[in-house]
**Q** 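Attaching a single structure in structure tokens format; questions to follow.
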Amino acid sequence: MKKEFDFSGVTLNGFAMLFLNIFLIIGSILGGIYWGSKDAFPAQDLLMFTCIGVFILTCFLWVGFMLLEPGEARVCVFFGKYRGTFSKTGFYWVNPFIQAKKVSLRARNLEVKPIKVNDKIGNPVMIGLVLVWKLKDTYKAFFEIDAQTMAASAVKGAEKVQSVGHVMEAFENFVKVQSDAALRQVAVQYAYDNEDPNSDELSLRSGGEEINEQLEAKLNERLAMAGIEVVEARLNYLAYAPEIAAVMLRRQQASAIISAREKIVEGAVSMVKMALTQISEENIVDLDEEKKAAMVSNLLVVLCADESAQPIVNAGTLNH
């Protein structure tokens, strides 16, 4: 449920109020000059107090000016009560007693460094992600998580807690912690790779878009409490942990060699069969079973060997 709503308080054009404020300042100064240049005249004391009051009023009016760029908003609080979110771009003036907390609604990138997680079958893997996030509900972002305290902890020296940079950094830290938890939650549900190459079971390595979609759903579920929306989330790093990486690499190499050998043997048998068939059909030479077996053995050695075969030329006849 979205708790954010638009600010409905008094909002005036900033330029009109600026000119009015300048006019009042000039008027109060001129009134003061006129009051000081005369010895005594009717309502002299009234003029003095009016000039002082107008000057104090202009100082008070300066606080109400507010400038918003596209992709920014102000969370308006009036003596502790949420009065709405102001998101109109431009130059405006509002009640100076309203505390307008500036926040960015623009999309932001976050790269989560690889963390070590045990996959479904217990193998330690290193997995990392990159995501795009932005604020969706400013009420939840400011009042349902302790963003102000988190921002205050990052303040140094005389910097203000209200700085949009510190506030957004607090939200980013919150997103990072929740991203680590969501990444672990998704990673433990799947194996790094399928043991059986013919299996259709989803794995981290082959999951692709499905894994990314599940990760995005988990992140949105966790970050909904803070009014944050994840626009996109993708795995950007996936590898075995260093302690088993070498062993797993040898295992993958062995699997690749076995698969390659199967293809080589399959092709060699097909070629031998074709050679025997053509020799028999075209009556090139009459081979008995013993010579066929010898020929099959020689052809398989030539076709399946890792290195080039060294042929021996038979200068005699088939009867020898």
Side-chain angles (χ1 to χ4, degrees), residues 1-15 17-18 61-112 129-182 216 218-233:
M1 180 179 177
K2 190 171 184 179
K3 297 183 178 181
E4 176 189 281
F5 57 85
D6 293 333
F7 176 71
S8 57
V10 177
T11 305
L12 301 177
N13 185 279
F15 292 103
M17 289 298 297
L18 178 62
L61 292 177
W62 280 117
V63 183
F65 289 102
M66 187 165 57
L67 176 65
L68 257 73
E69 299 177 0
E72 292 182 346
R74 297 287 185 113
V75 179
C76 300
V77 180
F78 183 69
F79 291 103
K81 183 178 180 181
Y82 174 66
R83 296 299 301 275
T85 299
F86 191 89
S87 56
K88 295 180 181 178
T89 58
F91 187 44
Y92 298 93
W93 183 90
V94 296
N95 184 348
F97 286 108
I98 290 179
Q99 183 183 9
K101 302 177 180 180
K102 190 176 181 181
V103 66
S104 174
L105 303 179
R106 301 182 180 106
R108 300 168 70 93
N109 278 327
L110 176 64
E111 182 177 4
V112 179
L129 68 88
V130 61
L131 59 90
V132 181
W133 65 276
K134 64 179 181 179
L135 287 184
K136 186 178 181 181
D137 190 325
T138 57
Y139 178 91
K140 290 182 177 180
F142 271 89
F143 304 115
E144 295 199 358
I145 64 171
D146 198 4
Q148 298 300 302
T149 303
M150 290 188 291
S153 64
V155 173
K156 297 180 181 179
E159 299 179 55
K160 293 183 178 180
V161 178
Q162 287 81 3
S163 170
V164 65
H166 291 131
V167 173
M168 296 309 296
E169 184 179 350
F171 292 141
E172 186 170 303
N173 289 335
F174 185 85
V175 173
K176 183 179 182 302
V177 173
Q178 294 300 321
S179 298
D180 283 353
E216 184 178 329
K218 292 293 183 183
L219 283 167
N220 278 319
E221 180 182 335
R222 287 176 169 271
L223 296 174
M225 72 175 77
I228 297 173
E229 177 187 19
V230 174
V231 180
E232 183 182 19

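The structure displayed is predicted, hence computed values, not measured ones.
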**Q** Which residues pass the side chain to side chain contact (heavy atoms under 4.5 Å, CB included) test with E229, not counting sequence neighbours?
**A** K134, K136, N220
**Q** Any Lys/Arg nitrogen of K88 or E72 sitting under 4.0 Å from an Asp/Glu carboxylate oxygen of the other?
**A** no
**Q** Within a strict 4.5 Å, meaning less than it, do heavy atoms of the V132 and R108 side chains meet?
**A** no
**Q** With the side chain counted from C-beta on, respond yes when F174 and I145 share a heavy-atom pair under 4.5 Å apart, and no when they do not.
**A** yes
**Q** Taking atom CZ of R83 as the centre, does the number of heavy atoms from other residues, nucleotides or ligands within less than 6.0 Å exceed 12?
**A** no
**Q** Provide the closest heavy-atom pair for L135 versus A141 in the form atom of the first, atom of the second, distance.
**A** CD2-CB, 3.9 Å
**Q** Sequence neighbours left out, what passes ring pair (Phe, Tyr, Trp, His ring centres under 6.0 Å) with Y82? Give chain and number order.
**A** F5, Y139, F143
**Q** What heavy-atom pair brings L131 and S179 nearest, and what distance separates the two atoms?
**A** CD2-OG, 3.2 Å
**Q** Evaluate the side-chain proximity of V175 to L223: yes if any heavy-atom separation is below 4.5 Å, no if none is.
**A** yes
**Q** Provide the closest heavy-atom pair for G227 versus K140 in the form atom of the first, atom of the second, distance.
**A** N-CB, 3.6 Å
**Q** So does Q99 get a backbone contact from the side chain of R74, meaning a donor-acceptor N/O pair under 3.5 Å?
**A** no
**Q** Tell me, please, which residues at least two apart from T138 pass side chain to side chain donor-acceptor pair (under 3.5 Å).
**A** E4, T85
**Q** Which heavy atom in A182 sits nearest to a heavy atom in K218, and how many Å separate them?
**A** CB-CB, 4.2 Å
**Q** Between E232 and V230, is there a side-chain heavy-atom distance shorter than 4.5 Å?
**A** no
**Q** What pairs with F97 under ring pair (Phe, Tyr, Trp, His ring centres under 6.0 Å), at least two apart in sequence or on another chain?
**A** F60, F79
**Q** Restricting to non-hydrogen atoms, name the atom on V231 and the atom on E216 that form the minimum distance, rounded to 0.1 Å.
**A** O-OE2, 3.5 Å
**Q** Any side-chain heavy-atom pair from D180 and V112 closer than 4.5 angstrom?
**A** yes
**Q** List the steps, then state whether salt bridge (Lys or Arg N to Asp or Glu O under 4.0 Å) holds for K176 with E169.
**A** CA-CA 10 Å; K176 183 179 182 302; E169 184 179 350; over 6 Å; no
**Q** Apply side chain to side chain contact (heavy atoms under 4.5 Å, CB included) to residues M66 and L68 and explain how you reach the verdict.
**A** CA-CA 7 Å; M66 187 165 57; L68 257 73; 3.6 Å; yes
**Q** If we only count heavy atoms from C-beta on, is the E172 to W133 side-chain gap below 4.5 Å?
**A** yes
**Q** Go through the structure and list residues passing side chain to side chain contact (heavy atoms under 4.5 Å, CB included) with L67, not counting sequence neighbours.
**A** F91
**Q** Kindly indicate whether the side chain of L219, heavy atoms from C-beta on, has any atom under 4.5 Å from the side chain of I228.
**A** no
**Q** Is it true that a side-chain atom of W93 and a backbone atom of L61 form a donor plus acceptor pair closer than 3.5 Å?
**A** yes
**Q** Taking all heavy atoms of F65 and all of W62, pick out the closest pair and write down the distance.
**A** CD1-O, 3.3 Å
**Q** Go through the structure and list residues passing side chain to side chain contact (heavy atoms under 4.5 Å, CB included) with T11, not counting sequence neighbours.
**A** F7, F86, Y92, V94
